[in-house]
Amino acid sequence: MARPSDTVPARILIVDDDPALREGLAETVGDLGHHPVLAASGAEALARLAAGPAIAAVLLDLRMPGEFDGMAVLQRLRAGPRPPPVAVLTAYASAENTIEAMRLGAYDHLTKPVGRADLAGLLGGMLALSASQAPEVPAPAPASALIGSSEAMRRVQKAVGLAADSDATVLLQGETGTGKEVAARALHAHGRRQAGPFVPVNCAAIPPDLLESELFGHLRGAFTGATQDRPGAFREADGGTLFLDEIGDMPPSMQAKILRALQERVVTPVGGRPVPVTVRVVAATHRDLPRLVAEGGFRQDLFYRLNVVPITLPPLRERLADILPLAEHFLSVCGAGQKRLGAEAAAALMRHPWPGNVRELRNVIERAAVLARGAVIGAEDLGLSTSGSPSGMPDILPAWLDGDLPGAVARLEEAMIRRALRESGGNRARAAKSLGIQRQLLYAKIERYGLRDDPVSGYPTEGVLNPDAGPDD
């Protein structure tokens, strides 16, 4: 519990039409080291807020007479440019008013009476939120942004760049949730077909008897229910990119027709005649296509036709350096500009094995952004299991991740360099190779982090900047 001597005094607006409750809250707020400002009605509260000086937090009664009850005051406050955090206090809590208060942006919804310890904790959280400054929110990255600086993602980015202008068919492979559609959109956005359409089709989500019509189109009257002509995805993507997601789930009856379309660049609508198309095809699957071919579940000739430019998306557990940048990106995308990851939350993200990959990370961050009531997202807001860590990844102490993101990345980078030097026995060429970086870059980082004599690895690194050093020096 906070003591007045430990507390930076703040102006707390107490809004309640009951004089006894109002005075009781004011006494406790004063004992906690803050300055209570009293209002007996919603209208008086709005007037005090407009007159200033600034209010750091509001304790708001729900049921009050007059034009402005608690909900009306809350709505007015939250509509302002920089509203203070508001806690709704009521003796008549219900599911309806609880949900409505939280929907309108209340920091919390509590039932009267509120004990001293609970009030101290409540004010601590509210004032931390009030003191946080809303950072400048960067523009969200486009849907085609392949975020990540890990070596695994850099390989993907380079492959996308090399293949973007080509008309060659690309096969994207990787576990579910690794971002295959994002890679497909990047191929389209950075290629010479970017002005054309990007048409995604999930082959696993369309019933087999409708897939042919979905892809190739049909003429009116071709079958029962065909009341008008439909061009189909191939023709809709003409001049652009057709993304065939989950092609490994395509039924065998369709595989031969897709093979012909890819070979001849001609599609035949149901009930119609062949039509030429000019389209770039990008396919994706989470399945092991070579194994499906061996088992007879996928045509070998279609696999070879698709596998012209193979690109494999790495699982998130192999992209540890990308986890925090991705989390920050998803925070900005979901409009949580005032919220940031705390050290314990960042550590929990790094420890989690991410079986659902990037998609799971996005869902976790979006949930935390909705449910976290403070400016700092804590580990408890993420809802992750506390057991387990990625394979080969030791638990990361929250202290590593204190401060801002660049500082955390620098500490992680230094630790990885120390480990690489230790595991290579001080051989910097092998250490650079294991880290996936050039030797000269490793030398520069050794110098930056003061690792010429690395006490952690136990191997001296004197002379690392010697240009005459041999390849294994």
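Scope of the values below: all heavy atoms of this structure, side chains included, with no hydrogens, waters or symmetry mates.
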Problem - Minimum heavy-atom distance Val58-Leu77, with the two atoms named - result: CG2-CD1, 4.3 Å
Practice task
Answer yes or no: is there a side-chain heavy-atom contact under 4.5 Å between Leu59 and Leu119?
Solution key: yes
Handout entry: Exercise: do His218 and Glu212 side chains pair donor with acceptor under 3.5 Å
Key = no
Problem - Ring-face cation of Arg76 near Phe68 (centre distance under 6.0 Å, axis angle within 45°) - result: no
Practice task
Verify, without hydrogens or angle tests, whether Glu100 (side chain) and Glu96 (backbone) share a donor-acceptor contact under 3.5 angstrom.
Solution key: no
Problem - Reference residue His286; test side-chain hydrogen bond (donor to acceptor under 3.5 Å, both in side chains); the match among Lys180, Glu246, Gln173 - result: Glu246
Practice task
Without swapping roles, check the side chain of Thr178 against the backbone of Glu175 for a donor-acceptor pair under 3.5 Å.
Solution key: yes
Practice task
Could you pull out the closest heavy-atom pair between Pro83 and Arg78, with the gap in Å?
Solution key: CG-NH1, 3.7 Å
Handout entry: Non-hydrogen side-chain atoms of Glu27 and Pro36 separated by less than 4.5 Å
Key = no
Exercise for the section: Could you tell me whether Arg63 and Asp69 make a salt bridge, using a distance below 4.0 angstrom between a side-chain N and a carboxylate O? Expected result: no
Exercise for the section: I would like to know whether Thr111 and Tyr92 meet side-chain contact (heavy atoms from CB on, under 4.5 Å); could you show each step before the answer? Expected result: CA-CA 7 Å; Thr111 303; Tyr92 305 96; over 6 Å; no
Exercise for the section: Please examine the side chains of Arg319 and Pro314, heavy atoms only from C-beta on, and report whether any two atoms are closer than 4.5 Å. Expected result: yes
Exercise for the section: Rounded to the nearest 0.5 Å, what's the gap from OG on Ser434 to CE on Met416? Could you check? Expected result: 8.0 Å
Exercise for the section: Report yes if some heavy atom in the side chain of Val270 is under 4.5 Å from a heavy atom in the side chain of Phe216; otherwise report no. Expected result: no
Fill in the blank from the handout: One should read off an interatomic distance between Glu236 CD and Asp238 CG, to the nearest 0.5 angstrom, of 11.0 Å
Handout entry: Check: Val279 and Thr241 side chains under 4.5 Å, non-hydrogen atoms
Key = no
Exercise for the section: Look at atom CZ of Arg154 and say whether more than 12 heavy atoms of other residues, nucleotides or ligands are closer to it than 6.0 Å. Expected result: no
Exercise for the section: For Gln75, look at atom CD and say whether over 12 heavy atoms of other residues, nucleotides or ligands are found less than 6.0 Å away. Expected result: no
Handout entry: Test item: Met254 and Pro208 side chains (from C-beta on) under 4.5 Å apart, heavy atoms
Key = no
Pairs under 3.5 angstrom only: tabulate donor-acceptor contacts from the side chains of residues 11-21 to other protein residues two or more places apart or in another chain.
| from | atom 1 | to | atom 2 | distance (Å) |
| --- | --- | --- | --- | --- |
| Asp16 | OD1 | Asp18 | N | 2.9 |
| Asp16 | OD2 | Lys112 | NZ | 2.6 |
| Asp18 | OD1 | Ala20 | N | 3.0 |
| Asp18 | OD1 | Leu21 | N | 3.4 |

Handout entry: Check: Arg48 side chain, Leu38 main-chain N or O, donor-acceptor pair, under 3.5 Å
Key = yes
Problem - Donor-acceptor contact present, side-chain Trp354 to main-chain Leu349, <3.5 Å - result: yes
Exercise for the section: Using the side-chain contact (heavy atoms from CB on, under 4.5 Å) rule, take Asn363 and Ile365 through it: C-alpha gap first, then chi angles, then the decisive distance, then the call. Expected result: CA-CA 6 Å; Asn363 292 341; Ile365 295 299; over 6 Å; no
Handout entry: Expected output: side-chain Glu328 to main-chain Pro325 donor-acceptor under 3.5 Å
Key = no
Practice task
Measure the shortest side-chain to side-chain distance between Leu146 and Met153 over non-hydrogen atoms and say whether it is less than 4.5 angstrom.
Solution key: yes
Practice task
Using modelled atom types only, decide if a donor and an acceptor are shared between the side chain of Arg235 and the backbone of Pro231 within a distance under 3.5 Å.
Solution key: yes
Problem - Pair Asn97-Ser94, side-chain donor/acceptor within less than 3.5 Å - result: yes
Exercise for the section: With the side chain counted from C-beta on, respond yes when Leu371 and Asp381 share a heavy-atom pair under 4.5 Å apart, and no when they do not. Expected result: no
Fill in the blank from the handout: So CZ of Arg367 and CG of Leu384: to nearest 0.5 Å the spacing works out to 6.5 Å
Completion exercise
Nearest heavy-atom contact between Gly148 and Gln157 is O-NE2, 2.8 Å
Handout entry: Nearest-0.5 Å distance, CD1 of residue Ile247 to CG of residue Leu171
Key = 8.0 Å
Problem - Minimum-distance pair of heavy atoms, taken over all atoms of Ala368 and Ile377 - result: CB-CG2, 3.9 Å
Practice task
Mind listing the closest non-hydrogen atom pair of Ala56 and Pro84 along with its distance?
Solution key: O-CB, 3.9 Å
Handout entry: Test side-chain contact (heavy atoms from CB on, under 4.5 Å) applied to Glu366 and Leu331, step by step
Key = CA-CA 7 Å; Glu366 289 183 353; Leu331 270 179; over 6 Å; no
Practice task
Tell me, yes or no, whether the heavy-atom count around Arg220 atom CZ, taken from other residues, nucleotides or ligands under 6.0 Å, exceeds 12.
Solution key: no
Exercise for the section: Verify, without hydrogens or angle tests, whether Arg317 (side chain) and Pro353 (backbone) share a donor-acceptor contact under 3.5 angstrom. Expected result: no
Handout entry: Basic-acidic side-chain contact under 4.0 Å: Lys445, Glu414
Key = no
Fill in the blank from the handout: Closest non-hydrogen contact found for Thr90 with Asp61 is CA-OD1, 4.5 Å
Practice task
Could you tell me whether the side chain of Asp322 and the main chain of Ser149 form a donor-acceptor pair under 3.5 Å?
Solution key: yes
Practice task
Check the pair Phe234, Leu242 against side-chain contact (heavy atoms from CB on, under 4.5 Å), reporting the backbone distance first and the verdict last.
Solution key: CA-CA 7 Å; Phe234 267 91; Leu242 175 63; 3.6 Å; yes
Practice task
Check whether any side-chain N or O of Asn202 sits under 3.5 Å from a backbone N or O of Ala204 as a donor-acceptor pair, and report yes or no.
Solution key: yes
Exercise for the section: Please work out whether the ring planes of Phe198 and His188 are parallel, tilted or perpendicular, with thresholds of 30° and 60°. Expected result: tilted
Practice task
Kindly compute the distance separating NE2 (His329) from CG (Leu324), expressed to the nearest 0.5 Å.
Solution key: 14.5 Å
Problem - Distance (rounded to the nearest 0.5 Å) between Asp245 CG and Met250 CE - result: 10.5 Å
